[in-house]
Asker: 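Have a look at the structure that comes next, please.
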2 protein chains.
Amino acid sequence: MTERRSSDRTRAAILRAARERFAAHGYERTTIRAVAADAEIDPSMVMRYFGSKEQLFDAALAVDLRLPDLRAVPAGELPATLLRHFVERWEGDPADDTLLVLLRSAVTNEQAAARMREVFATQVAPALAAALGPERAARTAGLVSSQLLGLALTRYLLRLPAVTALAADDLVAGLTPALAVTLAG
Amino acid sequence: MTERRSSDRTRAAILRAARERFAAHGYERTTIRAVAADAEIDPSMVMRYFGSKEQLFDAALAVDLRLPDLRAVPAGELPATLLRHFVERWEGDPADDTLLVLLRSAVTNEQAAARMREVFATQVAPALAAALGPERAARTAGLVSSQLLGLALTRYLLRLPAVTALAADDLVAGLTPALAVTLAG
DNA sequence: ATTGTTGGCCAACGGCTGTTGACATCAGAG
DNA sequence: CTCTGATGTCAACAGCCGTTGGCCAACAAT
């Protein structure tokens with residue numbers, strides 16, 4: 001079953017190169033030619049493996065937030081836990097830039113924006129509903145996402161000095177009270 | 001001195017059309033040809049008036065947040081005042097899309113990102129420093145911007161249903177406590 | 001030995017882009 | 001009337017883009 005060695009390897013190489021480019025420059029500015037060059041193959045190979053630039057993009061948009069089961073954490077620990085997980089997810093593995101791909105692209109690309117809403121609906125909203133109960137979660141999830149995505153925007157995309165200047169721990173500590181108030185309703 | 005009538009009018013028409021396009025589609029996806037068509041002139045006129053696409057973009061990025069003098073508002077009213085001004089500035093005049101241009105472009109365009117940092121440094125940071133004092137403002141300004149830009153991101157760019165579903169008043173009320181805690185330090 | 005499949009390269013097409021320069025029009029100054 | 005400068009049009013250039021189709025080498029199966 002694992003006979004097709006070369007095929008899998010180049011497919012993975014293309015996807016890795018594509019993620020890097022999409023993460024760094026967004027959808028429009030990454031070219032098939034550049035991705036192919038990074039992966040050290042011919043541009044037409046990208047077409048063969050993924051069909052089109054759009055489908056390659058779609059493959060690069062696969063995101064798993066890896067949210068823990070929030071019912072397991074005590075209510076008082078919820079805000080800090082969320083923030084720590086969020087920052088860890090963004091800064092933990094510098095080679096993993098799937099989150100960057102999604103957020104950067106979603107701002108100018110409707111396809112990515114739709115995927116973002118989907119991630120919210122299938123991962124964020126359910127996780128919060130499990131912790132807060134469905135009625136409060138519906139209203140709170142939006143406010144929480146707003147605060148967390150604001151952090152990602154200013155720190156990892158815009159790189160506002162006032163936000164990048166803070167150490168990760170300091171940032172978590174600084175935002176925890178605000179998130180706590182929001183979660184408390 | 002105000003002899004050059006036609007020139008001023010078409011220059012303004014170009015800028016208005018450019019702002020609409022940049023706001024809706026970002027830098028890369030707006031073409032000089034489309035802007036010219038909207039302004040009902042020849043593409044080469046855009047070049048004559050603004051020199052290049054980049055310079056046209058630069059002109060479209062001019063932003064004034066119109067922040068009020070925050071020393072005039074009582075400390076308890078500060079968070080709600082900031083939020084109301086922010087939402088009003090974004091939703092008040094639907095024809096004014098300069099904020100949308102700046103934020104949408106800043107995510108994929110370094111030129112716009114630099115402008116965003118400049119707006120932060122010259123408008124946001126000083127206004128908060130006036131209200132909070134310079135020592136607390138330095139640390140707080142980043143956290144506040146993170147929360148406010150998170151709102152703009154989720155509501156006006158990504159259009160997350162959970163955020164767009166809320167009425168403006170409801171949104172302000174929902175986020176005021178969080179902002180208050182952050183501002184209190 | 002022949003056939004078919006797989007993984008790959010190469011060259012090209014058609015389309016769109018920013019940008020340029022030559023030409024047209026026309027009002028006002030000499 | 002003539003000249004000049006501003007305002008605008010037209011057509012084209014050169015470059016990059018996504019995408020396509022044909023060709024090639026290696027290798028497994030017949």
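Reminder, nothing fancy here: chain letters follow the sequence lines and each chain counts from 1.
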Asker: Whole angstrom is fine here: how far is it from CD in A:Glu40 over to P in C:dG7?
Answerer: 19 Å
Asker: Between the side chain of B:Gln123 and the main-chain N/O of B:Leu65, is any donor-acceptor distance below 3.5 Å?
Answerer: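 Checking the backbone N and O of B:Leu65 against the side chain of B:Gln123, a donor-acceptor pair under 3.5 Å is found.
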Asker: Look at the side chain of A:Asp42 and decide which nucleotide, out of C:dA12, C:dC10, D:dT9, has an atom nearest to it.
Answerer: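 Nucleotide nearest to A:Asp42's side chain: C:dC10.
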Asker: Check for a donor-acceptor pair, side chain of A:Ser145 on one end and backbone N or O of A:Ala141 on the other, with a separation under 3.5 Å.
Answerer: yes
Asker: Taking the side chain of B:Met47 as its heavy atoms from C-beta onward, which of C:dG18, D:dT7, D:dT19 lies nearest to it?
Answerer: C:dG18
Asker: Measure CZ/B:Arg33 against P/C:dC16 and give the value in whole Å, please.
Answerer: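 Value for this atom pair: 10 Å.
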Asker: Within the structure, does a side-chain N or O atom of B:Thr10 lie under 4.0 Å from either OP1 or OP2 of D:dG8?
Answerer: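 Yes.
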Asker: Calculate the interatomic distance between B:Arg11 atom CZ and D:dA6 atom P; express it in whole Å.
Answerer: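 Answer to the nearest Å: 15 Å.
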Asker: From the options D:dC17, D:dT20, D:dT7, select the nucleotide whose nearest atom is closest to the side chain of A:Ser44.
Answerer: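 Closest nucleotide to the A:Ser44 side chain: D:dT20.
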Asker: Could you state the CZ-P distance from B:Arg29 to C:dT17, rounded to the nearest angstrom?
Answerer: 11 Å
Asker: With a 3.5 Å distance limit and no angle check, can you tell me whether B:His25 reaches the backbone of B:Thr31 through a side-chain donor-acceptor pair?
Answerer: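 No, B:His25 side chain to B:Thr31 backbone: no donor-acceptor pair under 3.5 Å.
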Asker: Grab the CE-P distance between B:Met45 and D:dG8 for me, whole Å please.
Answerer: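 My rounded result for the distance is 6 Å.
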Asker: Please determine whether side chain to side chain contact (heavy atoms under 4.5 Å, CB included) holds for the pair B:Arg115 and B:Asp58, giving the CA-CA distance in whole Å, both sets of side-chain angles, and the decisive distance to 0.1 Å.
Answerer: CA-CA 9 Å; B:Arg115 182 65 74 94; B:Asp58 200 69; 3.1 Å; yes
Asker: Is it the case that the side chain of A:Arg19 and the backbone of A:Ala60 share a donor-acceptor pair, with hydrogens and angles ignored and the cut-off at 3.5 Å?
Answerer: yes
Asker: Please give, in whole Å, the distance from D:dC17 C1' to A:Glu54 CD?
Answerer: 15 Å
Asker: In whole Å, what is the span from the CZ atom of B:Phe50 to the P atom of C:dG18?
Answerer: 15 Å
Asker: Please report the distance, rounded to the nearest Å, between CZ in A:Arg21 and C1' in D:dC17.
Answerer: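 These atoms are roughly 15 Å apart.
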Asker: Of all the choices, C:dG7, D:dT7, C:dT19, which nucleotide is nearest to the side chain of A:Arg48 once you look at every atom?
Answerer: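 Nearest listed nucleotide: C:dG7.
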Asker: Side-chain donor or acceptor of B:Thr31 under 3.5 Å from a matching atom on the base of C:dC16?
Answerer: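 It does not, because no donor-acceptor pair links the side chain of B:Thr31 to the base of C:dC16 below 3.5 Å.
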